[in-house]
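Every heavy atom of this structure was used, including side-chain atoms; hydrogens, water molecules and symmetry mates were not.
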Amino acid sequence: MFAFGAFRPSSILSGGLLWKTPWRLSPTRKANQRKRLKQVDSVISAVAESGITTKSLERALALPMEGEMKARDKYTTFSKHHKGYRKSQHKVPKWTRLTLRENPKGF
């Protein structure tokens, strides 16, 4: 029986799972993350300039912009289970769709 696509068996020589997530973000993935943050900032500012006021817009305006964020906050997020209480954002499921800009104070 042959399996294709996402459910194919892993190679024994590879030592388990074939599609491994990298340990750290590559420079390209970091650049794409910064680009996503800037695009979200531009959408928030465009909606704010249009004169519309909503609770979700007020929450979005309270978030730090990409230029105001430290590199640590752009690429990592709080995790109570990890050593140092930080975890790389690309290890979070659906990390490109979530707002991970705020962390608990002190972390």
*Establish, from distance only, whether the side-chain atoms of Gln33 and Arg36 form a donor-acceptor pair under 3.5 Å.*
yes

*Taking all non-hydrogen atoms of both residues into account, name the closest pair between Ala60 and Ile44 and its distance.*
CB-CD1, 3.7 Å

_Going by the rule side chain to side chain contact (heavy atoms under 4.5 Å, CB included), which residues pair with Ser56 if we only count those two or more places apart in sequence or in a different chain?_
Thr54, Arg59

*asked:* Please determine whether side chain to side chain contact (heavy atoms under 4.5 Å, CB included) holds for the pair Thr76 and His82, giving the CA-CA distance in whole Å, both sets of side-chain angles, and the decisive distance to 0.1 Å.
replied: CA-CA 12 Å; Thr76 63; His82 283 75; over 6 Å; no

*Consider only side-chain heavy atoms of I, L, V, M, F, W and Y, link residues closer than 4.5 Å, and tell whether Val92 and Tyr75 are in one cluster.*
yes

Determine all donor-acceptor pairs shorter than 3.5 Å in which one atom belongs to a side chain in residues 61-72; sequence neighbours excluded.
residue : atom : partner : partner atom : Å
Glu66   : OE2  : Lys74   : NZ           : 2.8
Glu68   : OE1  : Met65   : N            : 3.1

_Atom pair CD (Glu102) and OG1 (Thr77), whose distance is rounded to the nearest 0.5 Å_ = 10.5 Å

*From Arg86 atom CZ to Asn103 atom CG, the distance as rounded to the nearest 0.5 Å*: 4.0 Å

*Provide the closest heavy-atom pair for Leu25 versus Ser88 in the form atom of the first, atom of the second, distance.*
CG-OG, 4.1 Å

_Backbone of Pro22 reached by a side-chain donor or acceptor of His90 within 3.5 Å_ = yes

*Using the test ring pair (Phe, Tyr, Trp, His ring centres under 6.0 Å), find all partners of Phe107 that sit at least two apart in sequence or belong to another chain.*
Phe78, Tyr85

